[in-house]
There are 2 protein chains.
Amino acid sequence: MKHLSLKSPSLKEKLLEHSIRPTAQRLAIADFVLQKGRHSTAEMVQEHLKKFFPHISLATIYNTLNLFSKKGLLKEYRFPHSGHVFFDNNTQPHAHFLDENSQEIYDVPMEKVNISLKNDSFEIQDVEVLFKGTLTNKGGQSG
Amino acid sequence: MKHLSLKSPSLKEKLLEHSIRPTAQRLAIADFVLQKGRHSTAEMVQEHLKKFFPHISLATIYNTLNLFSKKGLLKEYRFPHSGHVFFDNNTQPHAHFLDENSQEIYDVPMEKVNISLKNDSFEIQDVEVLFKGTLTNKGGQSG
DNA sequence: TTCTCTTTTTAGAACTATTCTAAAATTAGA
DNA sequence: TCTAATTTTAGAATAGTTCTAAAAAGAGAA
Ligand SMILES: [Mn+2]
Ligand SMILES: [Mn+2]
Ligand SMILES: [Zn+2]
Ligand SMILES: [Zn+2]
């Protein structure tokens, strides 16, 4: 059984693999957005980080989230219920479900979604699918 | 063959049917967003209206677009490529196609889209589908 | 018509989310 | 160490939208 402190080095290595200097701020943001959060906004990052970096600048948070997106560690989404940009650590193609009660976003793997388009005038490169509704009693998240 | 000036009365009647007082500003906005434009932003409305109402307030434009949405004449959308809210005069369920060259939004009727979800934990009330890509040479719009 | 009350419009302030700026701090590495 | 490049920061700036409160317009009663 491996020691838990291995987690931290591997995060640093992940940043280095993507040519991102692993500064203290970036590691703290990465720990949250890549490992804890799934669909994080800058505000959520700031809220979570305030116990570790009470003076971190919002500019740093945005710089870092945008850098991670450019490097392929995150993917940006805008959802219809909020003006915030969401940064998704799932960079694979997948759909989303928005629970209209909690406003929570859940991942829906593409294997569970069947979508096709009868079409002759568009060349499709990407599809974004958002299901909206409510969680049933089971209420599980998948992804 | 009916006289063309019938178009204007019918717009006024449409507003009245939805309990919206047909003021001059609202009629001008309605003429654009309900008849000319398909996916209009406040900015597009302002740009189009400036020859008729060079001093119309942005507050009036937003008030009116939001009122029309509340009354069911328009439906609000946010798309991933822009921070603007788009007001769609097609209030029926349908999908969208975003041309990544022109940033233009096209309607895709649901009859052309086949979508289903293998799922046991969500109760789906609505689905938003956005196809992204480029127009082929034919490049027709449908809706 | 005029009076009165309500609704609508307006200019500009305020607000929210994000980006920019330029100076200070940190870092890498010669 | 020294130096140059990178990163972080606070605060200003920007973009899109909503709010405020006063002026204008409209509807209906008298
Ligand atoms: Mn917020
Ligand atoms: Mn704009
Ligand atoms: Zn996701
Ligand atoms: Zn549409």
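Letters A, B, ... are given to chains in the order of the sequence lines, protein chains preceding strands, and every chain is numbered from 1.
Heavy-atom distances to DNA chain D give each of A:Ala24 and B:Ala42 a nearest nucleotide, and the one nearer the 5′ end belongs to A:Ala24. Nearest-nucleotide positions on DNA chain C for A:Phe87 and B:Ile20 put B:Ile20 closer to the 5' end.
In this structure, the nucleotide among C:dT8, D:dG16, D:dT7 sitting nearest to the side chain of B:His84 is D:dG16. Nearest nucleotide to the A:Leu58 side chain, out of D:dT9, C:dA17, C:dT18: C:dT18. Comparing C:dT9, C:dG12, D:dT8 by their nearest atom to the side chain of B:Ala59 picks out C:dG12. In this structure, of D:dT8, D:dA10, C:dT10, it is D:dA10 that holds the atom nearest to the side chain of A:His55. With C:dT18, C:dT10, D:dT17 as the choices, the nucleotide that has an atom nearest any side-chain atom of B:Val85 turns out to be D:dT17.
When rounded to the nearest whole Å, the span between CD1 of B:Ile56 and C1' of C:dA11 equals 13 Å. Computed from coordinates, the A:Ile61 CD1 to C:dA17 C1' distance equals 13 Å when rounded to whole Å. Nucleotide D:dT8 holds its P atom 15 Å from the CD atom of A:Gln46, rounded to whole Å. If you take CD of A:Glu47 and C1' of C:dT16, they are 17 Å apart, rounded to a whole angstrom. For A:Leu67 and D:dT8, the CG to C1' distance is 13 Å, given to the nearest whole Å. Counting to the nearest Å, the C1' atom of C:dA28 and the NZ atom of A:Lys12 are 14 Å from each other. With rounding to whole Å, B:Asn63 atom CG is found 10 Å from C:dT10 atom C1'. Distance, A:Leu16 CG to D:dT6 C1': 15 Å, rounded to whole Å.
Of all the residues in residues 68-80 of chain A, not one reaches under 4.0 Å from DNA chain C with any non-hydrogen atom.
For C:dT27, the OP1/OP2 oxygens have no side-chain nitrogen or oxygen of A:Arg21 closer than 4.0 Å. The side chain of A:Tyr62 contributes an N or O atom lying less than 4.0 Å from OP1 or OP2 of C:dT18. Close to C:dT26, at under 4.0 Å from its OP1 or OP2, lies no side-chain N or O of A:Gln25. Proximity of A:Asn66 to the phosphate of C:dT19: a side-chain N or O atom is located under 4.0 Å from OP1 or OP2. Between A:Thr60 and D:dT7, a side-chain N or O to OP1/OP2 separation shorter than 4.0 Å is absent. Distances shorter than 4.0 Å separate none of the side-chain N or O atoms of A:Ser57 from OP1 or OP2 on D:dG11.
The distance between the ring centers of B:Phe79 and B:His96 falls below 6.0 angstrom. No close placement of the B:Tyr77 and B:Phe86 rings is indicated, their centers lying 6.0 Å or farther apart.
In this structure, B:Arg38 contributes its side chain and B:Tyr106 its backbone to no donor-acceptor pair below 3.5 Å. With hydrogens and angles ignored, the 3.5 Å screen pairs no side-chain donor or acceptor of A:Asp31 with any backbone N or O of A:Leu27.
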| message | I'd like to know whether A:Phe87 forms a side-chain contact (heavy atoms from CB on, under 4.5 Å) with A:Lys75, so could you lay out the CA-CA distance, the side-chain angles of the two residues, the decisive distance to 0.1 Å, and finally the verdict. | response | CA-CA 6 Å; A:Phe87 293 88; A:Lys75 182 156 163 33; over 6 Å; no
| message | Is there a side-chain contact (heavy atoms from CB on, under 4.5 Å) between A:Leu117 and B:Phe131? Walk through the geometry before answering. | response | CA-CA 9 Å; A:Leu117 172 63; B:Phe131 297 97; 3.9 Å; yes
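Residue pairs meeting the salt bridge (charged side-chain N to carboxylate O under 4.0 Å, His left out) criterion with at least one member in residues 49-58 of chain B, sequence neighbours excluded, are B:Glu47-B:Lys50.
No hydrogens or angles considered: nothing links the side chains of B:Asn90 and B:His39 as a donor-acceptor pair under 3.5 Å.
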